[in-house]
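A quick note: this is a predicted structure, and the numbers were derived from the prediction, not measured. Sequential numbering from 1 along the given sequence is applied to the chain's residues.
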Amino acid sequence: MPFNTPILLTWLRVAMIPLMVGIFYLPEHWLTPMQQGLASTAIFIVAALTDWIDGYLARRWNQTSAFGAFLDPVADKLMVAGALLVLVQLDRVNALLAFIIIGREITISALREWMALIGAPHSVAVSSIGKVKTAAQMAAIPMLLYFDKLFGIIDTRIWGEWLLILAAVLTVWSMFYYLQRAWPLIKEHGGHIP
């Protein structure tokens, strides 16, 4: 397994997931709900920033690797799934929205793995729809973790809810887009690996 700064940052992101989730399971007298929201939001934002930084450094320093390419999206999906499950338990996110987002991630990850096995990994490369979906999702989650008024003006509960609904709609749209792109190869191979 290669070990360099970008991979270290990705591992750091993985390590932050239980911290973000665990804040909500600390004894009640340790942190107020406001402090829990603030701390979990800060951890999520720092983790999201490491995602951008590790990719940037890997390209800039020419430290890309197959392991890094595997670990990076796994860390992202674990971070999003962990946050969504906590938000469902806190009754801040509808379970159906969480299921749509997490289910799509599993489906597209499996599709990408199968496409790589048949030698066509770029057939389901990230689209602009997927990028907008990710942006909406990554803005919604910290707002819903914070779950209060920001600067006394921005109600993160309302904005977070609407952004997550947008992310869920784009999630379904992008999933069908990827499946449509892959369908000719799925038909051609009939589910068999050459």
Side-chain angles (χ1 to χ4, degrees), residues 6-24 36-59 68-109 112 124-151 153-178:
I7 287 177
L8 177 64
L9 287 170
T10 305
W11 278 118
L12 179 63
R13 187 159 72 258
V14 172
M16 282 191 248
I17 297 164
L19 288 177
M20 175 190 65
V21 171
I23 281 171
F24 293 100
Q36 286 177 326
L38 189 59
S40 61
T41 301
I43 292 168
F44 187 90
I45 290 170
V46 169
L49 287 173
T50 67
D51 182 28
W52 179 81
I53 294 167
D54 67 23
Y56 172 78
L57 292 178
R59 289 184 299 274
F70 154 77
L71 185 61
D72 186 67
V74 169
D76 296 344
K77 288 165 181 48
L78 285 173
M79 184 175 73
V80 168
L84 286 174
L85 290 172
V86 165
L87 290 169
V88 166
Q89 186 168 0
L90 294 171
D91 202 25
R92 297 178 187 179
V93 167
N94 184 290
L96 179 60
L97 287 179
F99 174 75
I100 288 169
I101 292 169
I102 294 170
R104 180 263 188 202
E105 295 301 338
I106 294 168
T107 302
I108 298 306
S109 292
R112 285 189 174 125
V124 283
V126 177
S127 71
S128 57
I129 300 166
K131 289 178 181 176
V132 174
K133 179 271 303 179
T134 300
Q137 183 176 278
M138 298 306 265
I141 290 172
M143 287 184 176
L144 292 168
L145 287 169
Y146 185 69
F147 213 63
D148 204 342
K149 286 199 172 179
L150 189 61
F151 310 119
I153 303 168
I154 302 167
D155 192 337
T156 62
R157 294 166 288 202
I158 294 169
W159 279 97
E161 185 178 337
W162 281 107
L163 281 168
L164 199 66
I165 290 168
L166 173 63
V169 169
L170 293 173
T171 288
V172 173
W173 185 2
S174 66
M175 182 176 72
F176 282 117
Y177 170 81
Y178 291 132

| request: Decide yes or no for Ile101 and Leu164: does some side-chain heavy atom of the first lie under 4.5 Å from some side-chain heavy atom of the second? | output: yes
Residues Val14 and Ala75: closest non-hydrogen pair is CG2-CB, 3.6 Å
Looking only at heavy atoms, the pair that brings Ala47 and Met79 closest together is CB-SD, 3.2 Å
For Glu161, the salt bridge (Lys or Arg N to Asp or Glu O under 4.0 Å) test, sequence neighbours excluded, returns none
Fill in: Residues Arg104, Val172; criterion side chain to side chain contact (heavy atoms under 4.5 Å, CB included); working and verdict
CA-CA 7 Å; Arg104 180 263 188 202; Val172 173; over 6 Å; no
inquiry  = As a quick check of understanding, evaluate side chain to side chain contact (heavy atoms under 4.5 Å, CB included) for Asp72 and Asp51, giving each step before the final call.
reply    = CA-CA 7 Å; Asp72 186 67; Asp51 182 28; 3.1 Å; yes
*Below 4.5 Å, heavy atoms only, C-beta onward: do Thr171 and Glu105 meet side chain to side chain?*
no
In this structure, NZ of Lys133 is separated from CE of Met138 (nearest 0.5 Å) by 9.0 Å
Heavy atoms of Ala168 and Leu97 approach each other most closely as CB-CD2, 3.4 Å
Output for pair (Ile45 CD1, Leu49 CG), nearest 0.5 Å, gives 7.5 Å
Of all heavy-atom pairs linking Leu38 and Tyr146, the shortest is CD1-CE1, 3.7 Å
Rounding to 0.5 Å, atoms CG (Asp76) and OG1 (Thr10) come to a distance of 8.0 Å
Checklist entry - Ignoring hydrogens and geometry, is there a side-chain-to-backbone donor-acceptor pair from Ser174 to Ile129 under 3.5 Å? => result no
Separation between CG (Leu57) and CZ (Arg59), nearest 0.5 Å, reads 9.0 Å
Query raised in the report: So, do Tyr178 and Thr107 sit near enough that their side-chain heavy atoms are less than 4.5 Å apart?
Result: no
Evaluate Ile165 against Trp162 for side chain to side chain contact (heavy atoms under 4.5 Å, CB included), listing each step before the verdict. CA-CA 5 Å; Ile165 290 168; Trp162 281 107; 4.3 Å; yes
Table please: side-chain donor-acceptor pairs of residues 83-93 below 3.5 Å, with sequence neighbours left out.
residue : atom : partner : partner atom : Å
Gln89   : OE1  : Tyr25   : OH           : 2.4
Arg92   : NH1  : Leu144  : O            : 3.0
Arg92   : NH1  : Leu145  : O            : 2.9

Heavy atoms of Ala136 and Ala167 approach each other most closely as CB-CB, 4.1 Å
When rounded to the nearest 0.5 Å, the distance separating CG of Leu170 from OH of Tyr177 is 13.5 Å
One should read off an interatomic distance between Arg157 CZ and Leu150 CG, to the nearest 0.5 angstrom, of 11.5 Å
Practice task
Check for a donor-acceptor pair, side chain of Ser109 on one end and backbone N or O of Ile106 on the other, with a separation under 3.5 Å.
Solution key: no
Practice item. Return yes if some donor-acceptor pair links the side-chain N/O of Ser40 with the main-chain N/O of Met20 below 3.5 Å, else return no. Key: no
Looking only at heavy atoms, the pair that brings Ile23 and Gln36 closest together is O-NE2, 3.2 Å
